Amino acid sequence: MRFTVLLFVAILLLPTHLSFGQRDELSLQKQPTDALTAAPRPITNGERLRWFVKGTIGPQALAGGVLSAGLGTARNKPEEYGPHWEGFGKRYGMRLTGISTGNAMEAALGSLWKEDPRYFRATQRLFRKRFSNIVAMTFATRRADGRLTPAYARYIAVPGNNFLSNVWRPDSEASIGDAGLRTLWGFLGRMGGNAFMEFWPDAKRLLHKNRP
């Protein structure tokens, strides 16, 4: 429990250092689909809605749910759900409710505070720069004017949905420590998703290039 709290605090303090320390370096970033596009424009309401839908029931989100529910079923965690298909379905549904709640909170609060929740790929091709961008964009967001700032809506949404879900979770995973640990996994999962969006376009181009 003490380790979870300390790690949680460390994650909350990390973004300020990353986002502001790398603001000059990352201020050259452009649209997420192209590393060399013009200066970013503010996200529209339609784009924010598409981000919510894609992040909740898009292919990457659904695949993550299958993996998470599969691992939980194999380990029979939580035990109340059981190691069978019904338990798999309950675990999948539980994760989906958490993801949808967190994304809705981030989209709504981000709209009020003019935060763009989308991932922006790095403009530089060096691996070190791209990895730094992946980490920074886990805790930072772009404002309407293009500035990179701490993702305050995300700081509320990720812990908020994990602590709120304690209300309907089984007793074996509904403690404060469990919610704190899920929050840490939530940020790590966001980082993994950023890495996928950073490198998958390059991998896809290589696959197409090498296709006979």
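Just so it is clear, the structure is predicted and the values come from calculations on it, not from any experiment.
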Quick check: closest heavy atoms across [X] and [Y], and the distance to 0.1 Å?
X	Y	result
Pro159	Arg154	CD-O, 3.8 Å
Ser172	Asp178	O-OD2, 3.5 Å
Arg48	Gly110	NH1-C, 3.5 Å
Glu106	Pro117	OE2-CB, 3.7 Å

Has the side chain of [X] got a donor or acceptor atom that lies under 3.5 Å from a matching backbone atom of [Y]?
X	Y	result
Ser111	Ala107	no
Thr138	Ile134	yes
Thr97	Met94	yes
Asn161	Val158	yes
Arg121	Glu198	yes
Arg143	Trp113	yes
Asn166	Ala179	no

Side-chain donor/acceptor pairs under 3.5 Å, residues 52-73, sequence neighbours excluded:
from: Thr56; atom 1: OG1; to: Phe52; atom 2: O; distance (Å): 2.7
from: Thr56; atom 1: OG1; to: Asn103; atom 2: ND2; distance (Å): 3.1
from: Thr73; atom 1: OG1; to: Ala69; atom 2: O; distance (Å): 2.8
from: Thr73; atom 1: OG1; to: Arg91; atom 2: NH1; distance (Å): 3.2

Just wondering, do [Y] and [X] contact through their side chains at under 4.5 Å, heavy atoms?
X	Y	value
Phe139	Met191	yes
Arg169	Pro78	no
Leu148	Met137	yes
Pro42	Asp145	no
Trp51	Asp116	no
Arg205	Trp200	no
Asn76	Tyr81	no

In terms of hydrophobic clusters joined by side-chain contacts under 4.5 Å, are [X] and [Y] together?
X	Y	result
Ile176	Val167	no
Leu184	Leu164	no
Leu206	Phe199	no
Leu126	Val135	no

Interatomic spacing from [atom1] in [X] to [atom2] in [Y] - rounded to 0.5 Å:
X	Y	atom1	atom2	answer
Ser165	Arg95	OG	CZ	12.5 Å
Asn162	Phe187	CG	CZ	9.5 Å
Glu173	Arg182	CD	CZ	5.5 Å

| said: With a 6.0 Å cut-off (strictly less than), is the heavy-atom count around CH2 of Trp85, excluding the residue itself, greater than 12? | reply: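 No, not enclosed.
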
So, are [X] and [Y] salt-bridged, with charged N and O less than 4.0 Å apart?
X	Y	value
Asp202	Arg125	yes
Arg147	Glu115	no
Arg118	Glu47	yes

| salt bridge (charged side-chain N to carboxylate O under 4.0 Å, His left out): which pairs involve residues 61-79, sequence neighbours left out? |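 Every pair satisfying salt bridge (charged side-chain N to carboxylate O under 4.0 Å, His left out) with a residue in residues 61-79: there are none.
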
| task | Quick one: sort the Phe127 and Phe131 rings into parallel, tilted or perpendicular, breaks at 30° and 60°. | result |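 Phe127 vs Phe131 ring planes: parallel.
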
